[in-house]
Trainee: 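Okay, handing you the structure first.
Because the structure is predicted, anything quoted here is derived from the model rather than measured. FYI, side chains are in, hydrogens and waters are out, and symmetry mates aren't considered; it's all heavy atoms of this structure. A, B, ... follow the sequence lines: proteins, then strands. Residue 1 opens every chain.
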Number of protein chains: 2
Amino acid sequence: MNSSSSSPKVPIPTLERLATYLRFLIDLEASHVETISSTDVEKQTGINAAQFRKDLSYFGEFGKPGVGYNVQELQARIARILKIDQLQPIMVIGAGNLGSALIGYPGLTEHKFHIAAAFDRDPAKIGCLQGNLMILDEADVCTVNADIGARIAIICVPASAAQGVADTAILAGVKVILNFAPIILRVPERIVVRNVSFLQELAVLSYHLSSDTKK
Amino acid sequence: MNSSSSSPKVPIPTLERLATYLRFLIDLEASHVETISSTDVEKQTGINAAQFRKDLSYFGEFGKPGVGYNVQELQARIARILKIDQLQPIMVIGAGNLGSALIGYPGLTEHKFHIAAAFDRDPAKIGCLQGNLMILDEADVCTVNADIGARIAIICVPASAAQGVADTAILAGVKVILNFAPIILRVPERIVVRNVSFLQELAVLSYHLSSDTKK
DNA sequence: GGCACGCTGTGATGAAATTCACAATCGCCT
DNA sequence: AGGCGATTGTGAATTTCATCACAGCGTGCC
């Protein structure tokens, strides 16, 4: 629903949960837990145990009957499935509030994502340092990416500019897009887009306030 | 899957799309479009026409057969359904990169959301102005919210602190939570939580890079 | 060694969401 | 005035996702 095209077999909700499992496993590993069972996962995350097992089953066998899963090994295998076992270069387009926040977000590197370049269209921003990253001219996306080879773009520009920069990014060789602008991007079949929208999330939450009959 | 509790009848995906429709309709209105049909919606947003009609059908009848929907009226009605037809006070907890970005995000006011208070735990930040909002002490969430009456909280603190501030916010009378921390919050049944996770989104996108057999 | 328990992996079942398809309605055109 | 093309609203069919339930395996205990 969120993506233009999807892989043949694996459900998208499964992929979303994989990322959750990964995060969870990393924490477990930090706590020196060596083994975990699917029922433990359910207890600690609220995700159904059978769901967990089935999600994993799309990618092979991971656990030992009667024992459970080796935390470290499972963590490593999920990371490999999600292709975040090696540094992944990313371009950020739009260095406003949100773009800057992303550039400064430490969690990215922690998960092997690396912001290789940041662009903006505002001359006042171009050339400025953001953290240790220089803001580049949006017009140079293509030439710069010839060097960098980023296949992931994060779009943080206002809605009105989003479609344009998406087109540019795709031209520059980007394969997947994380879109923070509150519009639906029109892209070729082969490009995968995921949208993140605070406004949408807030709207859903706002709706749920109604069910409180309490004054 | 994302929310703890849900309304009796309306599917959550429908609510998510309603926010999309709303945004789309606002844009149409700005372009002085008066009427639109469900097939037009499909052409312009990619969302199936029947889906659009069914989504609306959960809330009554909106269109005229043979004609379509009045943009302005539909926009107003969806806004009322989502309860974003009147200013909604929100509290933001955590004034780091992300929290600051949210505070400065103009789209929020545009959609009748109003950040009434922002909190942090870092003494260096407390008392500082962020835009025209003073950062308050996280310890004062309860007392401050007695005045403000925010029922929505946005959590922008690191994962390790998220559960704690969620508990506090709930104690302070918050009913729904937008959680940006990459953990699964444990909350009472009645509280609705929605999670936003860049990392998760990026992971899903990263996975899709595999399907590019191109070297 | 054999038995009993615990846990995995998965086919079968059930629930939920999406899409289809069509009767009912509206406005326009003649 | 009456018929026709367009479009809605919605039961039914389809597809997708989540859960159940159990056979089979591995482990440790007696």
Trainee: Take the protein atom CD1 of I12(A) and the nucleotide atom P of dT15(D), then report the distance between them rounded to whole Å.
Mentor: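 Distance, rounded to whole Å: 18 Å.
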
Trainee: I want to check one thing: is the phosphate of dG9(C), taken as OP1 and OP2, less than 4.0 Å away from some side-chain N or O of Y69(A)?
Mentor: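 So the side-chain polar atoms of Y69(A) do come within 4.0 Å of the phosphate oxygens OP1 or OP2 of dG9(C), strictly under.
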
Trainee: After noting the C-alpha distance and the side-chain angles of N97(B) and Y105(A), does the key distance pass the side-chain hydrogen bond (donor to acceptor under 3.5 Å, both in side chains) rule?
Mentor: CA-CA 7 Å; N97(B) 282 326; Y105(A) 185 52; over 6 Å; no

Trainee: Side chain of R17(B): nearest nucleotide among dT18(C), dT10(D), dC20(C)?
Mentor: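 The nucleotide sitting nearest to the side chain is dT18(C).
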
Trainee: Please state how far atom CG in D55(B) lies from atom C1' in dT10(D), giving the value in whole angstrom units.
Mentor: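 Interatomic distance, CG of D55(B) to C1' of dT10(D): 13 Å.
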
Trainee: Are R194(B) and E16(B) close enough for a salt bridge, meaning some N to O gap below 4.0 Å?
Mentor: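 Yes, this pair counts.
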
Trainee: Considering all heavy atoms of both residues, which atom of I148(B) and which atom of A117(B) are nearest to each other, and what is their separation?
Mentor: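 Smallest interatomic distance, heavy atoms only, reads CD1-CB, 3.4 Å.
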
Trainee: Could you tell me whether R80(A) and D85(A) have a side-chain N and a carboxylate O separated by less than 4.0 Å?
Mentor: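 Salt bridge: no.
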
Trainee: I need the CD-P distance between E73(A) and dT8(C), as an integer number of Å.
Mentor: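 In whole Å, dT8(C) P and E73(A) CD are 13 Å from each other.
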
Trainee: Just the rounded figure in Å: distance from P of dG9(C) to OH of Y58(A).
Mentor: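 These atoms are roughly 14 Å apart.
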
Trainee: Can you measure F59(B) atom CZ to dT10(D) atom P for me and round it to whole angstrom units?
Mentor: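 Taking atom P of dT10(D) as the reference, CZ of F59(B) is at 13 Å.
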
Trainee: If you assign each of T14(A) and G60(B) to its closest nucleotide in DNA chain D, which residue comes earlier from the 5' end?
Mentor: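 Closer to the 5' end of DNA chain D: G60(B).
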
Trainee: Does the side chain of L25(A) reach to within under 4.5 Å of the side chain of E29(A), using non-hydrogen atoms?
Mentor: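 Contact flag for L25(A)/E29(A) side chains = no.
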
Trainee: Within this structure, what is the CZ-to-P distance between F52(A) and dT8(C), rounded to whole angstrom?
Mentor: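 My rounded result for the distance is 8 Å.
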
Trainee: Would you please confirm or rule out a distance under 4.0 Å between OP1 or OP2 of dA17(C) and any side-chain N or O of N48(B)?
Mentor: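 Indeed not, no polar side-chain atom of N48(B) lies that close.
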
Trainee: Could you tell me how far apart K9(A) (NZ) and dT15(D) (P) are, to the nearest whole angstrom?
Mentor: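 Taking atom P of dT15(D) as the reference, NZ of K9(A) is at 16 Å.
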
Trainee: The side chain of E61(B) is closest to which nucleotide in this list: dT10(D), dT8(D), dT19(C)?
Mentor: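 Nearest nucleotide to the side chain: dT10(D).
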
Trainee: Quick check for you: among dG11(D), dT8(C), dT19(D), whose closest atom lies nearest to any side-chain atom of Q51(A)?
Mentor: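 The answer is dT19(D).
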
Trainee: Taking only Lys NZ, Arg NE, NH1 and NH2, and the carboxylate oxygens of Asp or Glu, determine whether E61(B) and R77(B) approach each other closer than 4.0 Å.
Mentor: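 So E61(B) does not pair with R77(B) through a salt bridge.
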
Trainee: Going by heavy atoms in the side chains, are I93(B) and C156(B) under 4.5 Å from each other?
Mentor: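 The answer is no, as the side chains (C-beta and beyond) never meet within the 4.5 Å cut-off.
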
Trainee: Find the distance R77(A):CZ to dT8(C):P and express it as a whole number of Å.
Mentor: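 Whole-Å distance recorded here is 14 Å.
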
Trainee: Between the protein and nucleotides 21-28 of chain D, which nitrogen or oxygen pairs come in under 3.5 angstrom?
Mentor:
{"unit_1": "dA21(D)", "atom_1": "N6", "unit_2": "R53(A)", "atom_2": "NH2", "d": "3.3"}
{"unit_1": "dG26(D)", "atom_1": "O4'", "unit_2": "P65(A)", "atom_2": "O", "d": "3.4"}

Trainee: Between dT7(D) and S38(B), is there an OP1 or OP2 to side-chain N/O distance shorter than 4.0 Å?
Mentor: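 False: S38(B) side-chain N/O out of range (4.0 Å or more) of dT7(D) OP1/OP2.
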
